[in-house]
Number of protein chains: 2
Amino acid sequence: MTSDAATQPVFRRKSLHEELIDAIREQIVDGRLTPGTKVPEKDLCAQYGVSRTPLREALKVLATDGLLTLEANRGAWVSKITQEDLDEVFPVMGALEALSGELACKHITDAEIRKVRTLHNEMVKYYQKRDLANYFAVNQRIHEAILAAARNDTLSSQYRSLATRVRRARYVANMTEERWAQATDEHEQIMQCLEARDGLRLSVVLKSHLENKLETVRQWLKDNDLATSTSQLPASKTSSR
Amino acid sequence: MTSDAATQPVFRRKSLHEELIDAIREQIVDGRLTPGTKVPEKDLCAQYGVSRTPLREALKVLATDGLLTLEANRGAWVSKITQEDLDEVFPVMGALEALSGELACKHITDAEIRKVRTLHNEMVKYYQKRDLANYFAVNQRIHEAILAAARNDTLSSQYRSLATRVRRARYVANMTEERWAQATDEHEQIMQCLEARDGLRLSVVLKSHLENKLETVRQWLKDNDLATSTSQLPASKTSSR
DNA sequence: TTTTTGCATTTCGTATTCATAATTACACAC
DNA sequence: GTGTGTAATTATGAATACGAAATGCAAAAA
């Protein structure tokens, strides 16, 4: 849906490989490309109506992002999410999110705070309706808003890169009733810190918020094991870069 | 020195584009490729004896690392280091380094601590001899050792990516006498935290250590302006990814 | 029956070719 | 002499082609 092979090629702004990066990243994140399986280079070429050259350029970039693993002469594989990956990635995200909170309190405008408050209230409504999908969607927009308020593109891109890697897991991670209540409460605290512009406390809250989230995902992973359930198994190691 | 176009192609382990990534990254970091100038695609092909395909794959990866900026139909440019870049990158590095200290205290072995102490003493000697080059070299090894002790590959690679981006600046940043003394003192504190396995305090020390370092580099940049001094100027924006 | 060896097929990595966009050079008009 | 428009040149982006490596299967040997 992102890209159309038949878009007017006359006024294309992004280069092919850039469009492919986004398109394939989405396929990985939303699960159309299954973790642990081989990337069907040929199929993707056909699907997007491009040759192998721009496709392979895109694969290389996605590999540096940790979404794919390249094996010499054996092609690209969709990275699996292992327990160890999560244990590695979440602390780093925690550190980055803590920083984002700290910086956001310094730079955020009153208008932005009101905007986040609106999102927050919206999210609480979805919580009360037990509408997980929308809850997640708004939740993500809140974290994005805080990130934007931090006014640090480097931070944003680093954070997003990691978030994308684990999003596959977070998406599906069903929460227990208690955990959901806890998360919503944590978000109320986040709001309060933001409105008080208490950067130090916000960074602490965000960090522990993420630690709790890790626990949820970890629990979920224990049940539906993304690491071993899928069919094709390359002799791949944990992806780093 | 890094790579040789005439290496026995029979027993090559890395693929061409991987070798090129490392080789070109080094050229950028050590200044053979000047910030703000165009990447001489043709020359590099000739230099390494490869065709454009693997080279361009490498350029795309380096662009996601922020070392290059790609402009549509205008090729790749070596990213300039601006004041704003530093102000963005250093806080993120600070957060990551703080985390590395925290984790290192949890996981580091006694043998590793002794190893770092050895490096530290060596560094102090170079300080006393006012040997900046070697001081920097050992300094970097200390931070690498702490990073390794954190036992988190994701953290390591993220940190290294940022460090590489600013290394060009840090390398040349001559320190004032006071700043140098202060930095060395901070390193003594780092050692003490590590030996006491006081993760919390280490993270604080590392963070402020990096903040001070930023101040040094910022000062230096004000004098020798990497941002505007170089010749060719593309209409490029700040690189993020 | 099991294992191993050799061949065929597929797919990957790289080089080469082609098309198109951008830059430069030059001529002509003002 | 300066500025603009057009043509020539150059370089970039993408497609195709080719050699090499890996995989799968079958046949032969143990």
Side-chain angles (χ1 to χ4, degrees), chain A residues 3-24 33 36-64 68-79 231-236, chain B residues 3-24 33 36-64 68-79 231-236:
Chain A
S3 108
D4 182 357
T7 34
Q8 289 79 358
V10 182
F11 283 101
R12 218 187 42 221
R13 330 209 88 91
K14 288 188 177 182
S15 59
L16 272 188
H17 87 268
E18 282 180 295
E19 299 207 42
L20 288 171
I21 289 171
D22 294 340
I24 298 172
L33 288 173
T37 62
K38 205 154 135 36
V39 177
E41 197 174 283
K42 217 169 161 185
D43 291 0
L44 289 175
C45 284
Q47 187 174 334
Y48 294 107
V50 299
S51 77
R52 287 177 58 215
T53 307
L55 184 86
R56 302 184 80 253
E57 288 173 342
L59 296 186
K60 258 142 206 100
V61 171
L62 290 169
T64 64
L68 299 178
T69 305
L70 300 179
E71 291 191 48
N73 295 318
R74 300 201 49 230
W77 303 73
V78 184
S79 299
S231 44
Q232 303 176 58
L233 301 177
S236 76
Chain B
S3 110
D4 182 358
T7 33
Q8 290 78 359
V10 183
F11 285 100
R12 220 186 40 223
R13 332 210 86 91
K14 288 187 178 182
S15 58
L16 271 187
H17 85 269
E18 283 180 293
E19 299 207 44
L20 288 171
I21 289 171
D22 295 340
I24 298 172
L33 288 172
T37 62
K38 204 152 136 36
V39 177
E41 199 174 282
K42 218 169 160 185
D43 291 0
L44 289 174
C45 285
Q47 187 174 334
Y48 294 107
V50 299
S51 78
R52 285 176 60 217
T53 308
L55 183 87
R56 303 182 79 251
E57 288 174 343
L59 296 185
K60 256 133 207 115
V61 171
L62 290 168
T64 66
L68 300 179
T69 306
L70 299 179
E71 292 191 48
N73 296 319
R74 299 199 51 230
W77 303 73
V78 183
S79 299
S231 44
Q232 304 175 61
L233 300 178
S236 74

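Keep in mind that what you see is a predicted model, and the values were worked out from it rather than measured. In what follows, every chain begins at residue 1, and chains take the letters A, B, ... in the order their sequences are listed.
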Closest nucleotide among dA22(C), dT11(C), dG13(D) to the Arg56(B) side chain: dG13(D)

Side chain of Glu57(B) (C-beta onward), nearest among dT14(C), dT16(D), dT12(D): dT14(C)

Kindly say whether, by distance alone, the side chain of [X] makes a donor-acceptor pair under 3.5 Å with the base of [N]?
X	N	value
Ser51(A)	dA14(D)	no
Arg52(B)	dG13(D)	yes
Ser15(B)	dT14(C)	no

Atom [atom1] of [X] to atom [atom2] of [N]: distance rounded to whole Å?
X	N	atom1	atom2	value
Leu16(A)	dT20(C)	CG	P	13 Å
Leu55(A)	dT14(C)	CG	P	16 Å
Glu18(B)	dG13(C)	CD	P	9 Å
Leu59(B)	dT12(D)	CG	P	10 Å
His17(A)	dA14(D)	NE2	P	8 Å
Glu41(A)	dA21(D)	CD	P	18 Å
Glu71(A)	dC12(C)	CD	C1'	13 Å
Lys60(A)	dG13(D)	NZ	C1'	16 Å

Lys38(A) side chain near dC12(C) phosphate (N/O to OP1/OP2, under 4.0 Å): yes

Side chains of Leu55(A) and Ile24(A) in contact at under 4.5 Å (non-hydrogen atoms): yes

In Å, rounded to the nearest 0.5 Å, how long is the span from [atom1] of [X] to [atom2] of [Y]?
X	Y	atom1	atom2	result
Thr53(A)	Arg56(B)	OG1	CZ	9.0 Å
Leu59(B)	Lys60(A)	CG	NZ	13.0 Å
Gln47(B)	Leu20(B)	CD	CG	10.0 Å
Leu44(A)	Leu33(A)	CG	CG	6.0 Å

First of Val50(A) and Asn73(A) reached from the 5' end of DNA chain D, by closest nucleotide: Val50(A)

